[in-house]
Peer 1: 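Below you'll find the structure I mean.
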Amino acid sequence: MELTVKYGLIASTIMGSTETTLYTIAIYTSVVRVKKIRFVLLAALIGDLIGMLSSVIIWNIMS
């Protein structure tokens, strides 16, 4: 697999797993009326980091 295609697949997977972080934080915290989102944001960013690392590992294994 070409290197540029591999980078494109990794970037697409990362974007798919992290694009809705701020949106979901805004929706979920407004529904339950949470004022302090520090821990929610921390958990979401940790989830994003895990998603990024997973996409790199998976695409390196698959190619």
Peer 1: Report yes or no: do Val34 and Leu42 belong to one cluster of Ile/Leu/Val/Met/Phe/Trp/Tyr joined by side chain heavy-atom distances under 4.5 Å?
Peer 2: no
Peer 1: Consider only side-chain heavy atoms of I, L, V, M, F, W and Y, link residues closer than 4.5 Å, and tell whether Ile61 and Ile58 are in one cluster.
Peer 2: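 No, no single cluster joins them.
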Peer 1: Rounded to the nearest 0.5 Å, how far does NZ of Lys35 lie from OG of Ser30?
Peer 2: 10.5 Å
Peer 1: Would Ile37 end up clustered with Phe39 when hydrophobic side chains under 4.5 Å apart are linked, directly or stepwise?
Peer 2: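 In one cluster with Ile37: Phe39, no.
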Peer 1: If you round to the nearest 0.5 Å, how far is CG of Leu53 from CG of Asp48?
Peer 2: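 Reported value, rounded in 0.5 Å steps: 11.0 Å.
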Peer 1: If you compare all heavy atoms of Ala26 against all heavy atoms of Thr29, which two are closest, and at what distance to 0.1 Å?
Peer 2: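 In this case the closest contact between Ala26 and Thr29 is O-OG1, 3.5 Å.
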Peer 1: Supply the atom-to-atom distance Leu45 CG to Ile50 CD1, rounded to the nearest 0.5 angstrom.
Peer 2: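 Reported value, rounded in 0.5 Å steps: 11.5 Å.
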Peer 1: Please round to the nearest 0.5 Å and tell me the distance separating atom CD1 of Ile46 and atom CG of Leu41.
Peer 2: 10.0 Å
